[in-house]
Amino acid sequence: MRALRKVRGTSRWRNGRNWRRAVPRQSERRSVFSTYSAGSVAFALLFTMVAPGTSATADDGTGHPTFEERVVSIFESGLDGATVIGIPACGGGTTLAGAGYPATPYRTCAGEIKTWDGLELDARISFPTGASEPLPQVVLLHGWGGNRGGIQGTPTNPGDAGHVPGHPGNDPTKGLTPARFLAKGYATLAYTARGFQGSCGAVDPAADVNAAGGTDVYDPEGCPPNGHTHLAERDFEVADTQHLLGLLVDAGVADPRRLAAAGESYGGGQTWMLATAMPWDTPAEGTNTIQLAAAVPFHGWTDLYGSLVPNGRATDGVDQSASHEKPFGVVKQQWINEVYRGGRAFPLTPDRLSDRGTLVGGGRYNTTDPSETHSFFDGWMAAFSAGEPHITQEAMDLPGAFRGKSAYYPVADLENDYLTQLAARRVRPVPIFAVQGWTDFAFPAVEALQMYRKLKAAHPGYPISMLLGDIGHGAQKPLEQDQYSWQQAGNFIDTHLGVAAEAFPPVAASFPTLCPGTGPHVPLTSDNWDALVKPSPRTFSSAPLQLRQTDSLSSDVEEEMASEPFANAGRCIERPAAKSASGAFWRWRVDSEFTMLGLPSVTLPYTMTGEDATVVVKLWDVGPEGPDQNKVLVTRGVYRLSAPGQPASSGSLTFQLFGNHWRFAEGHTIELEVGQLDRPFLRPDNLPSSIAYDGVTLSVPEAKA
């Protein structure tokens with residue numbers, strides 16, 4: 001697409017297909033930081049909203065292209081003489097009415113948009129009928145193996161009540177759907193991430209054109225260079241979103257001061273990185289420098305390596321100095337296997353061509369260049385599968401390969417590092433509303449809490465809000481908690497993009513986990529995360545010389561499988577209260593009811609025989625004694641205990657578990673189980689070891705009444 005520029009000193013436009021409002025020269029524009037200081041919300045309210053019923057295709061009388069023509073100008077119409085597959089198709093209809101918003105006439109255009117390196121991405125842009133001025137813009141980022149329909153909800157099917165042909169996924173029972181935003185005057189952008197499905201994935205015919213011009217063969221080499229997935233790399237997937245938002249601003253579709261991103265899981269990790277990115281220039285040279293005005297990461301990560309391979313050093317504490325990379329963590333084996341298989345598309349054979357549209361994930365991986373470590377998923381899997389001792393070059397390279405995918409780590413060039421420049425007050429803080437799950441086995445609560453600490457350390461007044469609950473990967477997801485999180489996220493975006501008149505103050509909210517997950521679901525809220533918890537934790541200790549011992553060979557496979565999070569997804573893990581013979585156990589009776597809120601920690605004086613060990617901890621709530629006595633898993637955790645080259649070592653280890661918001665009833669018993677195996681959730685250690693524990697101290701953060 002040609003860059004759009006206004007010819008200096010005239011009213012003419014160099015590219016007649018494109019239009020955008022004239023912007024001041026760089027020297028005349030206010031800085032990003034000064035705009036924030038003056039109040040970006042107040043500034044955004046100066047823009048006039050579109051009057052309902054105005055035609056999006058009517059000539060505005062100035063000779064400028066209409067809003068829809070500006071949208072269409074962003075799309076490509078073909079690909080280098082191959083079968084034309086990307087002609088943007090624009091259609092319209094009326095969205096379904098939802099809770100709190102009316103049915104709204106809209107237009108939507110779908111096709112291929114060329115990103116910064118020439119790769120064509122499958123995208124869809126929706127906007128209210130009658131749009132004329134640049135609109136507040138939300139980009140919606142899908143989960144792993146998904147597509148541009150992911151976070152937007154499920155469209156109705158033909159024959160369903162209220163079905164509108166071609167409508168953009170506007171199921172009113174969902175959360176951040178286009179229907180909700182269109183009713184409030186937003187435009188929405190959704191696109192399929194590079195390397196997946198229609199963006200050079202297995203269902204993208206442009207990437208699979210054969211010698212005869214046909215498009216019926218999955219060609220592993222059919223992608224342009226770098227068209228494979230880079231697994232949420234800052235310089236690829238994040239740069240794609242930045243480029244597409246820039247195109248929308250340059251075309252006069254998006255308001256440069258009212259840009260937001262919301263993403264779930266894979267899209268949530270990218271949203272964190274977009275929120276902590278330095279301002280960037282739009283593609284049209286010398287026009288706009290832009291930055292998000294709001295970000296909502298759902299169930300994402302801030303440290304991808306630490307979440308996939310935890311070593312037990314992650315913490316919600318103010319001190320964030322402990323390394324998440326050394327020693328090498330413990331692989332979440334089943335989760336990584338599922339991610340690997342779930343995102344990959346394998347070559348189609350002639351007898352399976354009909355499977356093209358049903359391939360799960362449909363992702364194109366880098367299978368040919370091991371030197372590109374950050375995207376060489378096959379190499380990751382080989383290193384993870386080889387296990388201890390992690391001395392191969394592939395294993396030693398992995399932590400560094402993940403840094404470009406994580407907001408938690410600074411970029412190499414500190415002049416371009418968000419946290420560094422934030423501390424120096426050289427960049428505007430991007431307001432964040434983080435939604436994380438207490439019971440999310442993939443990306444647990446610490447992913448949001450550790451980033452909260454880093455942002456607050458750099459800027460004590462940082463505008464970050466958090467909501468934690470029984471939501472996310474593998475959680476029960478009670479409807480009340482799920483809907484509340486989506487509703488609050490939408491309100492947050494409305495406030496920071498100037499669409500809502502009322503303010504959305506910084507908030508910390510937490511829902512308790514209930515087993516079974518039936519109400520009432522009432523969050524505990526405050527304007528400060530630390531204000532939710534009492535200053536001192538409740539502690540439980542065993543007397544010294546109460547020795548317990550574990551080893552890396554003894555296990556109860558049935559018990560391990562029964563507490564595995566995948567098999568129990570969507571429900572609480574409940575077991576008979578009888579003790580397993582393979583672990584070390586301590587129990588304490590609850591004399592008075594209290595509520596845990598946060599990440600409990602364990603301190604274990606130990607003597608280890610062996611060079612390396614995995615320490616697995618499970619915290620159980622044991623019901624009152626009786627014939628049907630049972631126990632429910634409250635939380636779990638893992639720690640890598642490493643002493644390379646030493647046949648034996650001793651000391652005291654302290655680490656935090658994944659955490660929860662949980663009420664312990666009077667008369668119940670707290671059980672702490674310590675072992676060395678948690679299969680198939682965690683990969684067993686290759687190296688034999690045994691550990692003797694001289695007592696334990698359990699510290700439980702307690703919620704304020």
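Quantities reported herein were computed from a predicted structural model and do not represent experimental measurements.
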Checklist entry - Yes or no on side-chain contact (heavy atoms from CB on, under 4.5 Å) for Val638 and Thr614, after CA distance, side-chain angles and deciding distance? => result CA-CA 7 Å; Val638 63; Thr614 296; 3.8 Å; yes
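- Thr420 places no side-chain N or O within donor-acceptor distance of the main-chain N or O of Asn416, the cut-off being under 3.5 Å.
- Of the inter-residue distances, the one linking Arg548 atom CZ with Thr550 atom OG1 reads 12.0 Å to the nearest 0.5 angstrom.
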Item to check | CA sep, side-chain torsions, deciding dist, call: Tyr340, Tyr365, ring pair (Phe, Tyr, Trp, His ring centres under 6.0 Å) | outcome: CA-CA 10 Å; Tyr340 180 73; Tyr365 288 6; 5.8 Å; yes
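- Scanning for side-chain hydrogen bond (donor to acceptor under 3.5 Å, both in side chains) contacts around Thr669 gives an empty result, with sequence neighbours left out.
- There is a side-chain donor-acceptor pair under 3.5 Å between Gln476 and Asp470.
- Between the Lys477 side chain and the Gly570 main chain, no donor and acceptor come within less than 3.5 Å of each other.
- Lys332 is linked by a side-chain hydrogen bond (donor to acceptor under 3.5 Å, both in side chains) to nothing, counting only residues two or more places apart in sequence or in another chain.
- Judged purely by atom type and a 3.5 angstrom limit, Lys618 has no side-chain atom pairing as donor or acceptor with the backbone of Leu633.
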Checklist entry - Passes side-chain hydrogen bond (donor to acceptor under 3.5 Å, both in side chains), Gln393 versus Asp397? Steps please. => result CA-CA 6 Å; Gln393 189 63 49; Asp397 288 346; 2.9 Å; yes
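- Between the CD1 atom of Ile336 and the CZ atom of Phe384 there is a distance of 4.5 Å, given to the nearest 0.5 Å.
- Using modelled atom types, no side-chain atom of Asp678 and backbone atom of Phe681 make a donor-acceptor pair closer than 3.5 Å.
- No donor-acceptor pair closer than 3.5 Å links the side chain of Asn660 to the backbone N or O of Thr635.
- Of the inter-residue distances, the one linking Leu468 atom CG with Ser485 atom OG reads 11.0 Å to the nearest 0.5 angstrom.
- His661 approaches Ser510 most closely through the heavy-atom pair ND1-OG, 2.7 Å.
- Contact check for Trp144 versus Phe196: side-chain heavy atoms found under the 4.5 Å cut-off.
- Checked by atom type and distance alone, the side chain of Glu702 never pairs as donor or acceptor with a backbone atom of Ser536 at under 3.5 Å.
- The two residues Cys515 and Val632 make their nearest non-hydrogen contact at SG-CG1, 4.0 Å.
- Partner of Thr603 under the side chain to side chain contact (heavy atoms under 4.5 Å, CB included) criterion, chosen from Leu653, Leu698, Val696, Thr654: Thr654.
- Interatomic distance, Ile464 CD1 to Trp529 CH2, rounded to the nearest 0.5 Å: 11.0 Å.
- Geometric assessment of Arg538 against the ring of Phe594 yields a positive cation-pi assignment under the 6.0 Å and 45° thresholds.
- Between the OG atom in Ser542 and the CZ atom in Phe585 there is a gap of 14.5 Å [rounded to 0.5 Å].
- Note: Tyr409 and His324 have perpendicular aromatic rings, judged against thresholds of 30 and 60 degrees for the angle between ring planes.
- The minimum heavy-atom distance between Leu514 and Cys572, with the atom names listed, is O-SG, 4.0 Å.
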Checklist entry - Please walk me through it: do Arg194 and Glu237 pass salt bridge (charged side-chain N to carboxylate O under 4.0 Å, His left out)? => result CA-CA 7 Å; Arg194 70 167 55 217; Glu237 281 82 1; 5.0 Å; no
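- In terms of the ring-ring contact (aromatic ring centres under 6.0 Å, His included) criterion, His521 has no residue partners (sequence neighbours excluded).
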Item to check | Test side-chain contact (heavy atoms from CB on, under 4.5 Å) applied to Gln320 and Tyr408, step by step | outcome: CA-CA 10 Å; Gln320 290 289 320; Tyr408 186 80; 2.7 Å; yes
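- Each of Val617, Val616, Val602 was evaluated against Val674; a single residue qualifies, Val617, per the side chain to side chain contact (heavy atoms under 4.5 Å, CB included) test.
- Under the side chain to side chain contact (heavy atoms under 4.5 Å, CB included) test applied with Ile670, the options Trp620, Trp586, Phe540 reduce to a single match, Phe540.
- With salt bridges taken as basic N to acidic carboxylate O contacts below 4.0 Å, one links Glu388 and Arg683.
- Residues meeting the salt bridge (charged side-chain N to carboxylate O under 4.0 Å, His left out) test with Asp530, sequence neighbours left out: Arg453.
- Without hydrogens or angle criteria, Glu564 side chain to Pro680 main chain gives no donor-acceptor distance under 3.5 Å.
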Please report, to 0.1 Å, the donor-acceptor pairs under 3.5 Å made by any side chain of residues 604-613, with sequence neighbours excluded.
unit_1, atom_1, unit_2, atom_2, d
Glu611, OE1, Gly645, N, 3.2
Asp612, OD1, Arg640, NH1, 2.8

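- Between the side chains of Glu338 and His473, no donor N or O sits under 3.5 Å from an acceptor N or O.
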Item to check | Trace of the side-chain hydrogen bond (donor to acceptor under 3.5 Å, both in side chains) decision for Asp369 with Ser371 | outcome: CA-CA 5 Å; Asp369 184 7; Ser371 67; 2.4 Å; yes
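- In this pair, Trp380 and Phe377 present their aromatic rings tilted. The plane angle is within the 30 to 60° band.
- Side-chain contact check for Phe441 versus Phe566: some heavy-atom pair is nearer than 4.5 Å.
- Residues Leu687 and Pro389 come closest through the heavy atom pair CD2-CD, 4.2 Å.
- Atom CG of Asp556 sits about 10.0 Å away from atom CZ of Arg679, to the nearest 0.5 Å.
- Judged purely by atom type and a 3.5 angstrom limit, Ser406 has no side-chain atom pairing as donor or acceptor with the backbone of Arg403.
- Residues Phe443 and Gln436 share a closest heavy-atom pair of O-NE2, 3.1 Å.
- Side chains of Gln676 and Ser689 form a contact here, defined as non-hydrogen atoms less than 4.5 Å apart.
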Item to check | Leu455 vs Leu419, side-chain contact (heavy atoms from CB on, under 4.5 Å): CA-CA, chis, key distance, verdict | outcome: CA-CA 7 Å; Leu455 291 169; Leu419 288 173; 3.7 Å; yes
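- The side chain to side chain donor-acceptor pair (under 3.5 Å) with Lys631 is formed by just one residue from the set Glu673, His668, Glu671; it is Glu671.
- Looking at Asp621, its side chain never comes within 3.5 Å of a backbone N or O of Phe664 through a donor-acceptor pair.
- No side-chain donor-acceptor contact under 3.5 Å links His299 and Asp440.
- Although no hydrogens or angles enter the test, the distance criterion places no donor-acceptor pair under 3.5 Å between the side chain of Asp316 and the main chain of Val446.
- When every heavy atom of Val700 is checked against every heavy atom of Pro600, the shortest pair comes out as CA-CB, 4.3 Å.
- Shown here is Lys326, whose NZ atom has no more than 12 heavy atoms of other residues, nucleotides or ligands within 6.0 Å.
- Not counting sequence neighbours, Thr539 has no partner by the side-chain hydrogen bond (donor to acceptor under 3.5 Å, both in side chains) test.
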